[in-house]
A.B. asks: 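Sharing a structure, written as structure tokens. Questions coming.
Keep in mind that this is a model prediction, so the values were computed, not measured. Counting from 1, the numbers follow the sequence of the chain as shown. Indexing begins at 1, ligand by ligand and atom by atom, following the structure's order.
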Amino acid sequence: MAAGTNWLASLLLLFATPLAVEMVKRDEFKTCDQSAFCKQHRAIKEPTGYELLANSISHNGAVWTARLQNSQNTLKLNLVGLVDSTVRVQIDEPETAIRKRYVPNPALVAIPEELKFSKVVNGAQEAKILSGDKKVKVVVTYKPFLISIFNEFGELIAQVNRDGKLKVEEFRTKEEGKEYPDGFWEERFRSFTDNKPHGSSSVGVDVSFVSFKTAYGLPEHADSFALRNTVGNTDPYRLYNLDVFEYELNNPMALYVSIPYILAHRANRSVGALWFNAAETWIDTQSSVTSKGLFGKVYDKVTGGGDNVPHFDAHFISEAGLVDIFFFVGPTVKGK
Ligand SMILES: *[C@@H]1O[C@H](CO)[C@@H](O)[C@H](O)[C@H]1NC(C)=O
């Protein structure tokens with residue numbers, strides 16, 4: 001018996017050894033910890049404290065605009081109503097920015113077709129915005145800043161900034177004697193030096209799919225079909241086109257393709273979100289059935305539910321560009 005076991009062990013070793021030698025050279029690829037912007041966003045534990053300035057709201061047709069502010073900076077929010085039960089959420093630097101941020105418009109097959117909102121009520125604490133086809137309702141809570149998206153059945157299906165992770169680093173001119181975070185103007189990885197002449201300009205925010213336990217997408221990774229819980233387990237999923245020799249299975253490392261699209265699904269309901277950003281992106285994903293969010297109370301108020309509402313959370317973190325999300329509200333993938 002013992003001899004048999006040894007024989008089997010040797011055989012396994014014979015197969016395992018060459019594999020171990022040929023495996024991906026992990027240290028040639030960045031981890032979140034080795035990437036200053038990813039590390040910073042992932043470390044956010046307290047809400048970043050943005051609120052929407054009610055006196056800054058304006059509305060014209062399919063575009064609803066307002067300012068957001070926290071102790072760090074002021075941002076510009078655009079909500080754009082589009083055809084096919086789609087709404088676009090854009091968060092950018094205000095017009096005073098020293099540089100324009102990149103929007104990957106050439107990646108679109110056509111300019112998204114706008115559809116005027118049919119009803120907009122700007123209240124004292126929140127704004128209620130109804131899409132042109134009356135199938136999508138968006139509620140914007142001012143303080144703390146939160147976007148809630150409802151489908152045609154009045155079900156809350158997605159929220160933006162529920163956990164208060166919104167962070168946008170604006171372009172800057174270096175001031176001598178001022179303290180900046182690690183890797184803010186320059187960072188190194190192996191033999192490569194990355195210069196940032198206008199400073200770190202990363203963006204990130206949390207997106208929660210409410211009443212969804214599972215989500216799919218964010219290709220390409222050699223991992224399970226359903227997105228996993230990366231928080232506390234592994235690196236976030238990385239989107240950064242790479243040629244990886246001997247890639248490992250069940251690993252969130254970047255591969256050959258990057259598609260920043262996520263689809264949450266349950267019986268008879270789907271909601272998709274396109275994170276419209278072409279920069280290097282990391283996404284932490286987590287499925288949970290309690291309202292552990294820092295905005296738990298707001299969340300309970302909106303859903304009317306207790307602690308047992310499932311939600312699938314995705315924390316998007318990009319090196320540059322805008323917070324720019326298209327929500328395809330469904331109720332199914334076909335939109336019908
Ligand atoms: C999905 O829709 C079908 C057809 O309307 C219905 O029979 C079924 O009960 C629904 N399933 C769930 C889980 O709601």
A.B. asks: Should side-chain heavy atoms under 4.5 Å link Ile, Leu, Val, Met, Phe, Trp and Tyr, which residues sit in the same cluster as Trp282?
C.D. replies: Phe37, Ile317
A.B. asks: To the closest 0.5 Å, what do you measure between CD (Glu319) and OG (Ser200)?
C.D. replies: 7.5 Å
A.B. asks: Strictly below 4.0 Å, N to O, side chains only: are Arg42 and Asp284 in salt-bridge contact?
C.D. replies: yes
A.B. asks: Can you say whether the rings of Phe326 and Phe276 are parallel (under 30°), tilted (30 to 60°) or perpendicular (over 60°)?
C.D. replies: perpendicular
A.B. asks: Kindly give the cluster partners of Tyr102, where membership spreads through any ILVMFWY side chain lying under 4.5 Å from a current member.
C.D. replies: none
A.B. asks: Under the salt bridge (charged side-chain N to carboxylate O under 4.0 Å, His left out) test, which residues partner Glu280, sequence neighbours left out?
C.D. replies: Arg238
A.B. asks: Collect the protein residues that have a non-hydrogen atom under 4.0 Å from ligand 1 and hand them over in chain and number order.
C.D. replies: Ala267, Asn268
